[in-house]
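Here's the structure, in structure tokens; my notes come after.
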Amino acid sequence: MVHRGPEPIAEEDRPARPGGPRDREAEPGQSRRPPPERSGTSGFWLYGLHAVRAALGNPRRHIHRILVTSELAGELFDGVDRSARPRPLPTPESMDKDGIARLLPAGSVHQGVAARVEPLPYITIEDLTADLDPDAPALVVVLDQVSDPHNVGAILRSAAAFGARGLIVTERHAAPETGTLAKSASGALDVVPLVRVSNLARALELLKKANFWCLGFDADAPDSLPKTKLAERVALVLGSEGRGMRRLTREGCDLLLSLPTGGPIDQLNVSNAAAIALYEWARQHGRPR
């Protein structure tokens, strides 16, 4: 779908600058500086209860450290199945909220829990389609250079809610796997497979070979979503804010659809458009319960 206006890029998860507020000694009465990163520890910080719980229950996610406040420690593992993990989880470290906050990007809403994790293992689009029954209904989402991690996270959350089997994004000009994206996804980053591809046009061809009908969303498309009967195997293709889908992406779609609006604002945010499209597929195929 074509979206107008520049796409905001959220500040990436990066450590504070040397000499910044998190590098100073704590003032009297404040909590002390948290312990430094351990030698050899890599990865990035996940934060927020839903994001961390989903990571704890994901056997594909390697976790270095778990930080939790004493108030939250008793419920951290509620609903988490650790039986399939290939290695034991690290022992959670007790830390107050201020101590956790000093390890995270400024303004991070961590709710009293954070985990230092490795990015998820790389999977290919062939891996994704190989795990699907070729004759069963299936839904995936394809994003053409959507770079705002808040938007990608929100789309992952909607994808998980409506049963999508994967999210396909470009390797370049797309949101990286960060704490910001994971927090926006509210745990869906560790639930919905995220596939990064270098050539989106080729990815659409591979989806077609796997019996997917590729539907692109464009504000100027002559056909509209509410008037279209959707196939059982569908790839929903959405473009970035501002640019929309690139030419080769648009040409690789089997059908272009619009999302008609009737209010004073005639363009939807890409995450809102994705949620509506996901819901409509699920509604037509009896998925919502």
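Computed from a prediction, not measured in an experiment: that's the story for all the values here. In what follows, residues are counted from 1 in the order of the sequence shown.
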Are the side chain of [X] and the backbone of [Y] linked by a donor-acceptor contact shorter than 3.5 Å?
X    : Y    : answer
R85  : N58  : yes
D254 : L215 : no
Y122 : R196 : yes
R61  : L56  : no
R246 : L200 : no
E118 : H62  : no
D223 : L257 : no
S108 : H110 : no
S184 : T180 : yes

State, yes or no, whether a side-chain contact exists between [X] and [Y] at a heavy-atom distance under 4.5 Å.
X    : Y    : result
T129 : L207 : yes
L225 : I276 : yes
L103 : L67  : yes
N269 : N151 : yes
V197 : R202 : no
D144 : L238 : no
S198 : E171 : yes

Working for side-chain contact (heavy atoms from CB on, under 4.5 Å), residues V141 and L143: CA-CA 7 Å; V141 180; L143 302 180; 4.0 Å; yes
Answer yes or no: is there an ion pair linking [X] with [Y], defined by an N-O contact shorter than 4.0 Å?
X    : Y    : answer
K183 : E177 : no
E205 : K209 : no
R65  : E93  : yes
K227 : E280 : no

If you take all heavy atoms of [X] and [Y], which pair is closest and at what distance?
X    : Y    : answer
L256 : M245 : CD2-CE, 3.8 Å
L278 : L236 : N-CD1, 3.8 Å
T178 : P149 : OG1-CB, 4.5 Å
A175 : D148 : CB-C, 4.1 Å
S258 : P260 : O-CD, 3.5 Å
L46  : V52  : O-CG2, 3.9 Å

Quiz item: cation-pi between R53 and F77, 6.0 Å / 45°: no
Kindly compute the distance separating [atom1] ([X]) from [atom2] ([Y]), expressed to the nearest 0.5 Å.
X    : Y    : atom1 : atom2 : value
N211 : D135 : CG    : CG    : 7.0 Å
F212 : E232 : CZ    : CD    : 11.5 Å
L132 : R233 : CG    : CZ    : 6.0 Å
K97  : Q111 : NZ    : CD    : 8.5 Å

Residue R60 excluded, over 12 heavy atoms near CZ under 6.0 Å: yes
K208, NZ: over 12 other non-hydrogen atoms inside 6.0 angstrom: yes
Just distance, no hydrogens or angles: give the donor-acceptor pairs under 3.5 Å from side chains in residues 152-168, sequence neighbours left out.
unit_1: S158; atom_1: OG; unit_2: A154; atom_2: O; d: 3.4

Polar side chain donor-acceptor pair, R243 to Q145, under 3.5 angstrom: yes
Aromatic plane relationship, W281 with H285 - under 30° parallel, 30 to 60° tilted, over 60° perpendicular: tilted
side-chain contact (heavy atoms from CB on, under 4.5 Å) evaluation trace for Y47 with V113: CA-CA 6 Å; Y47 50 88; V113 61; over 6 Å; no
L128 and T124: CA distance, side-chain angles, deciding distance, side-chain contact (heavy atoms from CB on, under 4.5 Å) verdict: CA-CA 6 Å; L128 178 67; T124 67; over 6 Å; no
Check against side-chain contact (heavy atoms from CB on, under 4.5 Å), R116 and I63: CA-CA 6 Å; R116 188 77 181 185; I63 299 177; over 6 Å; no
